[in-house]
Protein chains: 2
Amino acid sequence: MKSDDFNLSYFLPYQLAILSSRISKLLSKVYGDRYGLSIPEWRVLVHVARREKMSVREIHKCVNFEKPTVSRAVSKLEDTGLVAKTASVQDQRLVEIELTEAGFDVLKGITREARSFEENILGGFSEVDRHQLYVLMERLHDELDKHPEAANRPPMDIEARDDLLG
Amino acid sequence: MKSDDFNLSYFLPYQLAILSSRISKLLSKVYGDRYGLSIPEWRVLVHVARREKMSVREIHKCVNFEKPTVSRAVSKLEDTGLVAKTASVQDQRLVEIELTEAGFDVLKGITREARSFEENILGGFSEVDRHQLYVLMERLHDELDKHPEAANRPPMDIEARDDLLG
DNA sequence: AATTTTTCGTTTCACAAGAAATGATATTGA
DNA sequence: TCAATATCATTTCTTGTGAAACGAAAAATT
């Protein structure tokens, strides 16, 4: 039995999944092989660096991973000494997570490589191309936002969004 | 400790991962909740439908999942009666997988919904927008192809590729 | 022809991720 | 003020994935 009428090669969700997977796997060689970090750990590390102190919950809302995943990533990062956890004074339930000096150093190296990785991938892309790509992606997010069943989009830094679309 | 110099909101691999994840999750409500299929099962089903008969290996090369995952998906699909497995006569190692009539029916319904899903997401996109999006994604794939460490891109149907870029 | 090597599909194993449950603390409301 | 509810982080528990191992069959080599 054979049906010619549907072709995954044209199907956006599939193409997006393949592309994303290829890029993620390649990138994970940078922070995985070279720094021993998993994807959640890398994302958490970057997000913690954006603020002075963050709770698990705050990170969870940003990195698009479930709370347990974030919790485990933070613990691992604590074990390896890249972040420090301290119970909040005002609210004993909260855990304040912040980058250690070692974490800062690792982050510095890793972001440099991440940047060069991205530059490598986007090598042949002009400024206009890049802008177009991001705008198209933004528009897809906007379409998704209209769907009540769609997962929430992790919040974008305001400066970034203004800069991108302004 | 705080560092402002790296922003995930701008980082292509991250943005791509989020976007892809949001779309995949939403789509999986269609074939998951409504048809009880997992992502690998859905992909296998579509790929099997493209040819008269396929082996696990052929599918594996196309769907961007590991062989065990494909094997399990095929077994599950066989259990639910959507595909039929028969040992090849010429080569006893190979398993020929083909769609059953029931599988064909399910596929028909599911592709209709997939199409409408895609149309929904791409609703506000003109033909030019869509073309641009796909061309940009193709170019990213091309950049990845240059990297020796990058995972192989699953082969695209030739007609599709010609049509897309010609 | 016999043996080694390769290929194919499956199974086993280890691990990571998310759902649900848990324990601890805050907040709300009677 | 005390009970009920909500919130936060963590810990099970279950499931699914991919690496490696496995058995069977074909191909290649001697």
Side-chain angles (χ1 to χ4, degrees), chain A residues 17-18 20-22 24-26 28-29 31-33 36-44 47-48 53-79 83-98 151-152 154, chain B residues 17-18 20-22 24-26 28-29 31-33 36-44 47-48 53-79 83-98 151-152 154:
Chain A
I18 302 294
S20 172
S21 150
R22 288 187 83 196
S24 285
K25 272 184 196 157
L26 192 54
S28 77
K29 285 183 196 298
Y31 52 70
D33 296 355
L37 297 180
S38 68
I39 300 180
E41 281 157 39
W42 141 257
R43 281 201 201 165
V44 165
H47 269 288
V48 169
K53 286 170 179 174
M54 289 188 90
S55 67
V56 170
R57 177 166 161 59
E58 283 177 296
I59 300 173
H60 156 61
K61 281 191 292 188
C62 290
V63 296
N64 218 31
F65 282 120
E66 292 307 310
K67 249 189 326 183
T69 306
V70 174
S71 178
R72 284 185 273 252
V74 169
S75 297
K76 198 91 162 285
L77 289 172
E78 191 191 24
D79 291 345
V83 305
K85 284 163 66 174
T86 48
S88 167
V89 190
Q90 301 92 333
D91 188 337
Q92 294 280 356
R93 294 170 304 178
L94 271 66
V95 174
E96 289 174 346
I97 300 145
E98 61 182 331
N152 280 337
Chain B
I18 302 296
S20 172
S21 150
R22 288 187 84 196
S24 285
K25 271 184 197 156
L26 191 54
S28 77
K29 285 185 195 299
Y31 52 70
D33 296 355
L37 297 179
S38 69
I39 299 181
E41 282 159 38
W42 141 256
R43 281 200 200 165
V44 165
H47 269 287
V48 169
K53 285 170 181 175
M54 287 188 93
S55 67
V56 169
R57 178 167 160 56
E58 283 178 294
I59 299 174
H60 156 61
K61 281 192 294 187
C62 290
V63 296
N64 219 32
F65 282 120
E66 293 307 310
K67 247 187 332 179
T69 307
V70 174
S71 179
R72 284 185 273 252
V74 170
S75 297
K76 199 90 162 286
L77 289 172
E78 191 191 23
D79 290 345
V83 304
K85 285 164 66 175
T86 49
S88 166
V89 190
Q90 302 90 333
D91 188 335
Q92 293 281 356
R93 293 170 306 178
L94 270 67
V95 174
E96 289 174 345
I97 300 146
E98 60 182 330
N152 281 334

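Every chain is numbered from 1, with letters handed out A, B, ... down the list of sequences.
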Starting at [atom1] of [X] and ending at [atom2] of [N], how long is that distance when rounded to a whole Å?
X: A/His60; N: C/dG18; atom1: NE2; atom2: C1'; value: 11 Å
X: A/Leu37; N: C/dA16; atom1: CG; atom2: P; value: 13 Å
X: A/Lys25; N: D/dA19; atom1: NZ; atom2: C1'; value: 13 Å

Practice task
Taking all heavy atoms of B/Gln90 and all of B/Ser88, pick out the closest pair and write down the distance.
Solution key: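 Distance-wise, the nearest heavy atoms are OE1-OG, 3.1 Å.
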Practice task
Go through A/Phe65 and A/His60 one step at a time and tell me if the side chain to side chain contact (heavy atoms under 4.5 Å, CB included) criterion holds.
Solution key: CA-CA 6 Å; A/Phe65 282 120; A/His60 156 61; 5.8 Å; no
Exercise for the section: For A/Ser21 and B/Asn64, run side chain to side chain contact (heavy atoms under 4.5 Å, CB included): C-alpha distance rounded to whole Å, both residues' side-chain angles, the deciding distance at 0.1 Å, then the answer. Expected result: CA-CA 9 Å; A/Ser21 150; B/Asn64 219 32; 3.8 Å; yes
Handout entry: B/Ser24 (side chain) donor-acceptor with B/Ser20 (main chain) under 3.5 angstrom
Key = yes
Problem - Per-nucleotide protein contact string for nucleotides 5-17 of chain D, where B marks a base within reach and S marks sugar-phosphate only (heavy atoms under 4.0 Å, - for neither) - result: --BSBSBB----B
Practice task
Establish, from distance only, whether the side-chain atoms of B/Glu66 and B/Thr69 form a donor-acceptor pair under 3.5 Å.
Solution key: no
